[in-house]
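Quick notes on the structure that follows.
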Amino acid sequence: MAATTAPASQPSSQQPPPPTAETVLSQASRDPSAAAAHLPELPPDALVDILSTLSAASPAGHLALLPAILALSPSPSAASAALSSLLSAPTWPSATLLAVASLLRDLPPAYRNRVPAFLGKILSLLPSADAQDLPAIAYQLLLLASKPLHPRAVLAGLLRFFGGRRGARVRAPPSIARQVEGTVLLNFAFVVKQDPVLAREVLAAVKADAAGALSGFAVAVLLSVARVRRFNEGAVGVLRDAAAVSRRDYRMSRRCKWLPDCMKEELARGTQCVEKGLLKAVDESIVGREHVLPSIVQVGFLLLEVLDGDRTEEAGLGKGAMGTEEIGINMLSSLFEIHEMARTEIIEQCKLRILSAKPQQSAPVLRLLGCLIRGHPFPILEYIAHLKELLDYFSFMNDKISTGLITCILPLTKFSRDLKDYIILVVRKAMFRKEDMVRIAAVNAIVELIIAESRRNKANPFEDSSSQPSSSQQPETRLEFGRGLFQELSGLLRRCLSQQTSVKEVLYEGLVRIVTSDPAIAGNVLDFLWPHFLNYYTEDAECPIKISLCFKLENAKLCLVEPLDSLLSCISRILRIQQNSKCEQTHYAYKCFGFAASQDNEAGRTQSSDLFVKALSSIQKYLRISLTEDQRGQSQDTGSLASPSEMAHCNSLAMLGIIEVFVDFVASKLEKASDESKEMIEKEILELVDAHSGFERKTSNCREKIARKRGNAGDAIDKHTNEPKENSNASLQKLHEKRGKFVDSSLYELSVMCVKQCNADSYNNCSQRPSQTKSNQSSYLVSFVLKAFLELFKSLATMDCGNFRIKLYENLKKLMQPIMQLIWHLLLDSNQENGGTKRNMTQGKKNIECKKDQLYLALACLKELLKPSVSDQSSDIIEVIISSAPPNVEDMMEAGELDKNDTTMVEDQSAKNVHVLLNILKMLYARVLSQSLLRESEVVTELILGISRKLHLEQRHLLGNWATDLCRKKSMQSPSMAREVVKLAIHLTPAPDDMILVCEIAAELKKLMNSGKDISRDSSDTFHIVNCKTKSSLAAVCLQMVELSLTELDWGLGKLKAMLTLGYSSANIDEDQPADERTQRLALEEALYTRSTLVVHALSSFAHMSLKDTQSDHFLKLTAKFYKLLTRMSKSQIAPKGYAQSIPSLKFQKLAEVTCRMLTSQLYDFVSSVQENQETPRKVNLAKIRRESKCIPDLIYQIEDYEKYLIQLSKLTKVNLLRYAKRSVARDFRIEDKSEEREQEEDHTPANGVPSDNEPDEDAGGPNTPVEPYADENASESEHEDAGSLKAPVEANADENIRSSIPCGSAIQEFESDEEKEILARSKRAKTQRIVQDSDEEADDE
């Protein structure tokens, strides 16, 4: 029996027991995939039991069973309970985060609606996860995004977390965190290579993230994506645009006065975040991220190509932010230093871009190359071959680029003799080119090369000390080192002496720079110049200078051959440098003018310095005699080159420059002269300046004669130079331009002499009547010195930063003392000079005009000194200006408002100086306004605006009140001055008062223009500056301010849209937007709508005016642009599909109400009046009709487009936003077919018929929404496309679809009344007859 039962029981023992919930869970802990295979064998109750055991604390293997369980369709309540328990857990372990992130992509379709909730939970708990689990979690999320399941939300969350946004960061030391980020970046790079669709989503997500602030992690992600060829351009473009846009936004935020402070701080933070992210990507590329090096090089050079825009203090970036060019240079410089493998690519890119790009685009690359050479000279030596290839194209480059290239490369010549020889070879070839610019670049290159050699020898005069036998031979050796290169290249330089005038001028200036850098070369330079000087100098002649040889007649044009004044200036300055040099050799000693040559000269030939001293003494003596005899160059032989008038004009131009040279040289002797000789020198200076003034008058008269003569012959006059066109090409006007003939010491002595003369004149005016000649000479001297200083201050703005700082802090402060005393004398005493005593009025009109010119020159000097491009530390300049003022300057000022109301400025000395200077300028501004001095008022306006930027908001508000009071109390007849005063008041007034001021002035203009022929009203009672003569000019100013506000609103609306997009993306993953971002968005919205409301008030006043043609066109274009902005605002209030619609803010509702009530209806009347004026036959009417045929239809379309979105928003929010809307009556672009209308009248019901009762309710809009579609909803498409009627774009279908989706019991229809239904019925009949007509009745809500 046992034998028979054994085989029967054997099969039952081999079969495994049926799985249970416990066994499946136990197996899932070891092998989740094997356990999932047993789930179909479980009964439904067992599946429910497993679901009930799942929680946030469950092992990862248990959670991995969730997709398979849900796929078996368990109890819906149990599945929902399990998912809800997971979501409701406050925290998840890292293993749970990884497990849930892995299973989300495997969820059945029926449960994928829970993915956003789980995704939001995972992203919110990432900061609490372990650092070692973060790369795996991120990889699983990237796989989820590639499914694709909510890729934008996944990518945005990862960028936000790893980018450190909203306080999130990896909980690990910096080194570990860097490794975690590197692993995640590799995951990103792998996924985007495998899935191109996900790569596009990455670019879109980073763009959205960049709207807030581009983080360093996002930069690294884009650099990784850029390694994929098909996405390279898009990725680097995002980085470039992020850097450029952040700087543009920061610049706009500093200029936009109405922007909330929280937004300004956020934009400043975003700007710094972008630059830190870009620089961080370079620094971290050394830790295993070498694959992004090509992308970094590409981005760096793209940033160099971005134009940074304005660099002024008002519109620039300021001290807290770097420009895109600076970021690019820093990125590439750091990369060059860190990675040797990137150096070849950087140098190669520099070479290609310098050769192929435009000059303005090559300049930043040159600056980068200069930084690399100065910072890393030894690594650059390996790339000498690349630099030589660049030098081969020297003759074909732009002159500024070629000169800058030589300047960049010169520091390498001290390490490479071969490179120096190659530069010399290149400039030798360039010297034989026929283009002037190439020769000028070659001359500059030679000069820079000699200066660099001199500086190097000065720093290390004895390269081989063992070769020097004794110390007595050291000076001679040094001299040989100094002049060796000059002697070697003197042949090339001598060739320049026979070339064009522009080349000679550059050479003369370069020789002065060479001698300045190494005075030991002065003797060689003078020897070099002496033979050339003899061509224009005769030693024993009555007139030693041959001015007639400086000009020649070529192709019937009088051309300048030799700039004699530049040559004389070069010689005199070299002689002075040689005399004052500490290392001057005894045999190069020379004597000043007017002294006999020394008899103890060493044997041999006479030195060139002595010959030049004698020659200049002879010329000085000739000038003294000729000026005394009042010949003033008349003894010069005019020759037969041209007409006597033209030759006299040329002589006068040449004598102007020559006199300036000798005034400078004579003034240099004042410092060491005795008291007796000082009087003689001052007398000689006054005579020279008097002669200079005479030649200026003579030059002006000759210019007028030549212009009249050639004008009769049909030759045109150059408007800019007031010269005939032929003469302007002859470069004669260059003799008027700045030569740089004055050195600082001469200007200092001249300014001291000016102050002395002014004080003497003031004393003589009080004690006795001065002689007219002496008074004129003093006046000429003041004008002469002010012009020289103005040229000096203008030249400072064009100098390099280093050179300027040296000049500023070593010489400028000392130089400013006397000139500022002179300027204060003119500013504070000009009232007595110009103002109205009988004694001054009898001095004649010329004296008064001269004083006005001097006042303008003084103000211009002050403006140039305070320019941001001139001084980075303007507070020091202001301190010098105030310290140079008279002791009783505050007593001489009128009491200003700032003195009474501001007490904080007294504590800080620098602020007090600004305060005092502003009060002086305010007093001066009132004075120039009373005297109707337009030029002076413009300069003072610029000064006040520049200084006001240093004030706090409260202080600037007080200054704005002062300017507004000027507009209210000052009455002026000059339109230009009125325009400047109103501009000043608007710019100084903070927001929103600046736009309120525009509205008030526009309202006064409306009253004045609508007064018609009322003669009694010729000015405004509120603003005296508004009158009949200034109304057109002030209207243009107000329109300009409105246009500026529209530009700012356009920019602000773009920022608001970006912030709304970020808010919707947060809601997409069930994540609340941070409170600070919501606060910023709400503040920006409120500021936008408030500013737009003020713009409505300003434009509504213009809608009542009778404007000129150009102003009318400008007004129509501005209103169309404004309604386009309003349309964008309305669209931004409409939530995207799938999101909750919010109620518009009260500010937006107020804006819609004010726009419909105050602007839209008035615009229709304005358009009607414009069209009525077109019917009047005029010659210019055709051009006006052509312009307005584009403006008016565009305006009408923008208005209706705006109202269409208001209707849509009203139905979505159940808030009636069109209570005050008025039906449009302007349809100048709608052509009706009269025959078709007659046929329809026969077929349809008469206009006075009663409509049927079965009209659908959904066709009727709100009671106060009279803007309706023009065609019937049942009209066929053929009727819409009929050739007999050309209609404006109609959005009927969209409105009908939206209207049909609104329930019948909507809030909009609750406003209906019997009277309003009658209005809608009549509107329905008008649509049936296809006639556009007005509503006979309007809402009584107004």
Side-chain angles (χ1 to χ4, degrees), residues 25 28-29 32 48-67 69-70 74-107 111-145 149-150 153-172 176-177 180 184 1062-1079 1140:
L25 290 176
S29 302
V48 172
D49 293 339
I50 294 177
L51 285 176
S52 62
T53 61
L54 296 181
S55 65
S58 300
H62 295 183
L63 294 174
L65 300 175
L66 185 60
I69 295 174
L70 296 178
S75 172
S77 59
S80 176
L83 297 177
S84 299
S85 64
L86 280 175
L87 290 174
S88 60
T91 59
W92 288 359
S94 294
T96 303
L97 280 173
L98 179 59
V100 174
S102 304
L103 63 86
L104 286 180
R105 65 179 183 275
D106 298 328
L107 286 178
Y111 294 94
R112 286 184 179 176
N113 58 342
R114 293 293 192 115
V115 171
F118 278 101
L119 184 59
K121 186 72 173 180
I122 293 173
L123 294 176
S124 63
L125 294 176
L126 279 180
S128 61
D130 295 335
Q132 62 268 20
D133 293 331
L134 285 176
I137 296 173
Y139 182 71
Q140 295 299 328
L141 291 177
L142 289 174
L143 293 179
L144 175 66
L149 284 174
H150 306 281
V154 170
L155 296 172
L158 291 177
L159 290 173
R160 198 159 37 240
F161 171 70
F162 288 102
R165 296 278 299 279
R166 302 175 184 175
R169 65 182 183 88
V170 179
R171 295 189 309 166
I176 302 298
V180 169
V184 174
L1062 285 178
Y1064 289 131
S1065 65
S1066 298
N1068 193 32
I1069 55 176
D1070 293 345
E1071 182 180 353
D1072 293 334
Q1073 190 177 13
D1076 57 343
E1077 293 186 8
R1078 288 199 304 272
T1079 303

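Throughout, residue positions are numbered sequentially from 1 according to the sequence presented. Values below: all heavy atoms of this structure, side chains included; hydrogens, waters and symmetry mates excluded.
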Can any side-chain N or O of [X] pair as donor or acceptor with the backbone N or O of [Y] at less than 3.5 Å?
| X | Y | value |
| --- | --- | --- |
| Ser58 | Thr53 | yes |
| His62 | Ala28 | no |
| Trp92 | Leu86 | yes |
| Ser88 | Ser84 | yes |
| Ser80 | Ser77 | no |

*Asp130: what forms a salt bridge (charged side-chain N to carboxylate O under 4.0 Å, His left out) with it, not counting sequence neighbours?*
Arg171
Gap between atom [atom2] of [Y] and atom [atom1] of [X] - 0.5 Å precision:
| X | Y | atom1 | atom2 | answer |
| --- | --- | --- | --- | --- |
| Leu97 | Gln140 | CG | CD | 12.0 Å |
| Leu107 | Arg114 | CG | CZ | 10.5 Å |
| Ser102 | Tyr139 | OG | OH | 10.5 Å |

To check you understand the geometry: which heavy-atom pair defines the closest contact between [X] and [Y], and what is its length?
| X | Y | answer |
| --- | --- | --- |
| Gly61 | Pro32 | CA-CG, 3.9 Å |
| Phe118 | Leu83 | CZ-CD2, 3.7 Å |
| Pro93 | Ala56 | CD-O, 3.3 Å |
| Ala138 | Phe162 | CB-CE1, 4.4 Å |
| Ser55 | Leu63 | O-CD2, 3.8 Å |

*asked:* Exactly one of Leu104, Ile50, Leu54 should register a side-chain contact (heavy atoms from CB on, under 4.5 Å) with Leu66. Which one does?
replied: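 One option only clears the test, and that one is Leu54.
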_Qualifying residue for side-chain contact (heavy atoms from CB on, under 4.5 Å) with Leu158, from Ile137, Val184, Leu134, Leu142_ = Leu142
_Any heavy-atom pair between the side chains of Leu65 and Leu25 that's under 4.5 Å?_
yes
_Check against side chain to side chain contact (heavy atoms under 4.5 Å, CB included), Thr96 and Leu125_ = CA-CA 11 Å; Thr96 303; Leu125 294 176; over 6 Å; no
*Identify, with sequence neighbours excluded, every residue that meets side chain to side chain contact (heavy atoms under 4.5 Å, CB included) alongside Leu149.*
Arg112, Leu144, Lys147
_With side chain to side chain contact (heavy atoms under 4.5 Å, CB included) as the criterion, how do Lys121 and Val100 come out once you've worked through the C-alpha distance, each side chain's angles and the decisive distance to 0.1 Å?_
CA-CA 10 Å; Lys121 186 72 173 180; Val100 174; over 6 Å; no
